[in-house]
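Just so you know, ligand 1 is whichever comes first in the structure, and atom 1 is the first atom listed for that ligand. All of these numbers come straight from a predicted model, not from anything done at the bench.
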Amino acid sequence: MAVIDNTTEKTAEFSEQMRALGFGAGRPVMIAGPCSVESESQILAAATAVKAAGATALRGGAFKPRTSHRSFQGLGTEGLRLLAAARAATGLPVVTEVMDTAHLDVVAAHADVLQIGSRNMQNFSLLKEVGRAGLPVVLKRGLAATVAEWLAAAEYITASGNTQVILCERGIRTFETYTRNTFDLSSAVVARQLSGLPVIADPSHAAGRRELIAPLSRAALAAGLDGLMIEVHPDPDQALSDNEQQLTPAAFGTLMADLNLAPETIEMRLERLEAAIRDLQAERDRLQGRA
Ligand code: PEP
Ligand code: MN
């Protein structure tokens, strides 16, 4: 599949912190990892697997915004420590959610990127504080936010002096209930055009169903978005949150290969190019035979 690449035009503008995440490298940024950090072995297994598959950053929630207070709330500060250990083991920068201004210092001390969750997109005091933290921010779209509201929220961060904002489309609430949310690709494209900010898609929370992750990922990249955030868990069925939407490491590896984003050696790339040239030549010969 041809991925429309419009990431390179911004290369010069990206800060070092953004480039460490994979922005400006001429290929989509791939943030992958579990919904929640659950244990040392779980986050290390996830981090190692997504790194091997070609992810450019690790995600994992330590402070979790759960609809019910009875659900797993995340490991909190211990989860942050485990994320930092996973970064040390793999070299992947860490993206994690900050839910509250009270946690900002400790989250910023462990993370490379702060995530503002959908439910907090209009938590204006949090946006202002996060703007001052000096780290890139993933701003998820609120579940019922218009594009204008989403961009206005982003401005709270940029107005605080932090222009390293990454918008993330993660699905919106509509009348449709088959999917968890409705993936609003058109708004993601509009947000990118209007703001000039990088926009990524989170098909995991948009769809809520793992069988939809691959087609929605292809759609997002074909539409020119700058990257994806995908939930990957070593044992999704046993996950303490969002178990229906997380990919196994094997499925994530297949998706990365399908998107032409799997890491390859020069020899592997040459072999792939040779095969593609042979296919094209065969097709040309076939068409010339018909002309
Ligand atoms: C998440 O990414 O872990 C998350 C809770 O997502 P959202 O805020 O989009 O629901
Ligand atoms: Mn989740």
Side-chain angles (χ1 to χ4, degrees), residues 21 29-38 42-43 46 50 55 57-69 71-76 79-80 82-83 94-100 103 107 111-123 126-127 130 136-145 149-150 153-154 157 165-174 179-185 187-188 191 199-210 212-213 216-217 220 225 227-248 252:
L21 274 180
V29 166
M30 296 296 294
I31 304 169
C35 179
S36 303
V37 181
E38 298 171 3
Q42 176 249 14
I43 192 63
V50 300
L58 174 68
R59 64 148 287 145
F63 292 95
K64 295 299 302 177
R66 305 306 303 283
T67 300
S68 168
H69 77 276
S71 303
F72 176 59
Q73 300 289 308
L75 297 181
L80 297 174
L82 297 178
L83 281 167
V94 163
V95 182
T96 196
E97 176 161 355
V98 55
M99 272 175 59
D100 194 310
H103 306 142
V107 176
D112 300 282
V113 179
L114 301 172
Q115 177 171 317
I116 300 288
S118 195
R119 292 155 192 82
N120 263 324
M121 188 205 82
Q122 286 187 314
N123 181 339
L126 181 60
L127 297 177
V130 154
V137 179
V138 169
L139 178 64
K140 292 236 178 161
R141 183 181 182 188
L143 41 162
E149 287 164 340
W150 190 16
I157 304 170
V165 178
I166 303 142
L167 300 173
C168 179
E169 158 60 28
R170 48 75 75 203
I172 51 169
R173 247 322 135 77
T174 69
T179 48
R180 183 177 180 185
N181 293 288
T182 295
F183 181 47
D184 187 7
L185 181 54
S187 288
V199 179
I200 64 173
D202 170 355
S204 307
H205 290 91
R209 305 170 73 108
R210 66 175 62 92
L212 294 177
I213 308 301
L216 298 187
S217 297
L225 298 196
L228 299 168
M229 174 182 278
I230 295 179
E231 287 189 338
V232 180
H233 190 289
D235 187 0
D237 290 337
Q238 301 303 318
L240 299 181
S241 57
D242 288 352
N243 57 351
E244 285 172 16
Q245 68 192 35
Q246 304 205 57
L247 294 183
T248 60
F252 181 66

- Query: Should Arg59 be listed as contacting ligand 1, given a heavy-atom distance under 4.0 Å as the test?
  - Reply: yes
- Note on the structure: The single option from Met121, Glu97, Glu169, His205 that satisfies side-chain contact (heavy atoms from CB on, under 4.5 Å) with Lys140 is His205
- Can you tell which of Glu97, Arg170, Lys64, His205 gets a heavy atom nearest to atom 10 (O) of ligand 1? Arg170
- Message: Using a 4.0 Å cut-off to any heavy atom of Arg119, which atoms of ligand 1 qualify?
- Response: 7 (P), 8 (O), 10 (O)
- Checking side-chain contact (heavy atoms from CB on, under 4.5 Å) against Val232, which of Leu58, Val50, Ile213, Thr248 comes through? Val50
- Task: Count the heavy atoms of every other residue, nucleotide or ligand shown that sit under 6.0 Å from CD of Glu244, and state whether that count exceeds 12.
- Result: no
- Item | Identity and distance of the protein heavy atom lying nearest atom 8 (O) of ligand 1 | Ser118 N, 2.7 Å
- Salt bridge between Asp242 and Lys64, side-chain N to carboxylate O under 4.0 Å? no
- Which protein heavy atom lies closest to atom 6 (O) of ligand 1, and at what distance to 0.1 Å? Lys140 NZ, 3.0 Å
- Message: My understanding is that only residues two or more places apart in sequence, or in another chain, count here; which of them pass side-chain contact (heavy atoms from CB on, under 4.5 Å) with Asp100?
- Response: Ala102, His103
- Message: I'd like to check Pro136 versus Asp112 (side-chain heavy atoms, cut-off strictly below 4.5 Å). Are they in contact?
- Response: no
- Message: As a quick check of understanding, evaluate side chain to side chain contact (heavy atoms under 4.5 Å, CB included) for Leu240 and Ser36, giving each step before the final call.
- Response: CA-CA 7 Å; Leu240 299 181; Ser36 303; 5.6 Å; no
- Under 2.8 Å from the Mn ion (ligand 2), which protein atoms of type N, O or S occur, listed by chain and number? Cys35 SG, His205 NE2, Glu231 OE2, Asp242 OD2
- Item | Leu127 side chain reached by Ile116 side chain, heavy atoms, under 4.5 Å | yes
- Quick one: does Glu38's side chain get under 4.5 Å of Leu75's, heavy atoms only? no
- Note on the structure: Near Gly117 (heavy-atom distance under 4.0 Å), the atoms of ligand 1 are 8 (O)
